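Treat the numbers as computed from the prediction; the structure is a model and nothing was measured. Letters A, B, ... mirror the listed sequences (proteins, then strands); counts begin at 1. Heavy-atom basis, side chains included; hydrogens, waters and symmetry copies ignored.
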Amino acid sequence: MKLIEKAYYLNPDVVGIAKSLLGKIILSSIDNQRTSGVIIETEAYKAPEDRASHAFNNRCTERNKTMFMEGGHAYVYICYGIHHLFNVVTAIEGIPHAVLIRAIEPLEGLESMLHRRTMNQIKNTITKGPGSLSRALGIRQDLDAVKLYDPKSPIQIFDGGTIFSDSQIGTSKRIGVESSGESAALPYRFYVKSNRFVSGTPWR
DNA sequence: AAGAGGATGAACT
DNA sequence: GTTCATCCTCTTG
């Protein structure tokens with residue numbers, strides 16, 4: 001299990017990174033609780049040309065300025081006033097690429113996750129969906145812009161050696177971006193087939 | 001200054 | 001399948 005270094009995140013191919021993040025491990029050390037899980041669903045957001053991205057057309061605001069930072073930072077924002085969505089910023093500074101983490105399979109810290117989710121037993125909904133996994137891991141919007149490759153960070157991503165073959169990986173259009181014109185159909189969502197923590201409805 | 005709406009999830013019918 | 005909680009950000013006047 002090896003902490004992923006900064007260079008990994010600087011790759012200009014954000015769609016490739018989204019796919020290669022499947023099988024990697026997110027570790028959070030927040031509020032003195034250690035929780036982790038295997039990434040099993042992601043989506044790429046490739047601004048400036050991607051209408052579904054907050055940074056479409058290079059729009060840079062107070063909320064999304066983290067997307068323009070160098071790859072390897074976390075972009076966390078609040079959606080629908082309730083959910084904290086966790087993204088991995090990629091590419092060099094100035095290129096607003098990001099990967100939304102949509103689901104993980106729980107690994108460590110099950111008790112902490114249950115408590116944060118106010119659940120008393122593990123169900124597949126505990127880390128299914130971007131809002132749910134962030135809640136289970138304790139990721140909040142105040143952790144926006146933390147580095148993911150720094151050993152001292154509250155959120156880190158590791159390579160645990162898991163490799164999924166193409167036949168184990170599903171691809172589809174992204175979820176919840178129907179109003180994004182021609183970008184809505186882009187095959188930028190990747191998930192591990194027949195994993196019970198995968199969210200949403202697959203395409204076709 | 002005000003209003004619309006969102007990369008969702010949970011609880012319904 | 002439908003409804004709604006909940007609030008911040010961005011757009012418009």
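- Across all strands, A:M67 comes closer than 4.0 Å to base atoms (heavy-atom distances).
- Nearer the 5' end of DNA chain C, as judged by each residue's closest nucleotide, is the contact made by A:I82, out of A:I82 and A:C60.
- Residues A:Q141 and A:H83 each lie close to DNA chain C; by heavy-atom proximity, the contact nearer the 5' end of the strand is made by A:H83.
- Spacing between atom OH of A:Y77 and atom P of C:dC10 amounts to 12 Å, rounded to whole angstrom units.
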- Given A:K6 and A:E70, is the salt bridge (charged side-chain N to carboxylate O under 4.0 Å, His left out) satisfied, shown in steps? CA-CA 9 Å; A:K6 181 161 89 173; A:E70 186 176 51; 3.2 Å; yes
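- Within the 4.0 Å cut-off from OP1 or OP2 of B:dA10, at least one side-chain nitrogen or oxygen of A:R117 is found.
- An OP1 or OP2 oxygen of C:dT11 is reached within less than 4.0 angstrom by no side-chain nitrogen or oxygen of A:R63.
- Among the protein residues, A:R59 comes within range of the sugar-phosphate backbone only, with heavy atoms under 4.0 Å from sugar or phosphate atoms but none that close to a base.
- Spacing between atom CG of A:L85 and atom P of C:dC8 amounts to 16 Å, rounded to whole angstrom units.
- Using a 5.5 Å limit on the distance between ring centres and a 30° limit on the angle between planes, the aromatic ring of A:Y45 counts as stacked on the six-membered base ring of B:dA7.
- Put simply, OH on A:Y80 is 16 Å from P on B:dA4, counting in whole angstrom units.
- When rounded to the nearest whole Å, the span between CD of A:E41 and C1' of B:dT8 equals 13 Å.
- Atom OH of A:Y75 is separated from atom C1' of B:dG6 by 11 Å (rounded to the nearest Å).
- Atom-to-atom, CZ of A:R135 to C1' of C:dT6 comes out at 13 Å; the value is rounded to the nearest Å.
- Contact annotation: A:H54 reaches the phosphate of B:dA7 (side-chain N/O to OP1 or OP2, under 4.0 Å).
- Straight-line distance from the CZ atom of A:R51 to the P atom of B:dG6: 13 Å, rounded to whole Å.
- Across the protein-nucleic acid pair, A:I175 atom CD1 and B:dG6 atom C1' stand 16 Å apart, rounded to whole Å.
- A 3.5 Å limit on both hydrogen-bonding distances identifies no Watson-Crick or G-U partner for C:dT6.
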- Under the side chain to side chain donor-acceptor pair (under 3.5 Å) criterion, do A:E41 and A:S199 qualify, and how do the steps go? CA-CA 8 Å; A:E41 183 181 351; A:S199 78; 2.9 Å; yes
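- Ring-centre distance between A:H84 and A:Y77: not below the 6.0 Å cut-off.
- Counting non-hydrogen atoms of other residues, nucleotides and ligands closer than 6.0 Å to NZ of A:K123 gives a total of 12 or fewer.
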- Message: Set out, in order, the CA-CA distance, both residues' side-chain angles and the distance that settles salt bridge (charged side-chain N to carboxylate O under 4.0 Å, His left out) for A:D50 and A:R174, then state yes or no.
- Response: CA-CA 12 Å; A:D50 182 357; A:R174 294 167 294 181; 2.6 Å; yes
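- Phosphate contact (OP1/OP2 of B:dG9, side-chain N/O of A:S132, threshold under 4.0 Å): present.
- For A:R102, a side-chain nitrogen or oxygen approaches OP1 or OP2 of B:dT8 to under 4.0 Å.
- Proximity note for A:V177 (side chain, C-beta onward) versus B:dG9, B:dA7, C:dC10: the nearest is B:dA7.
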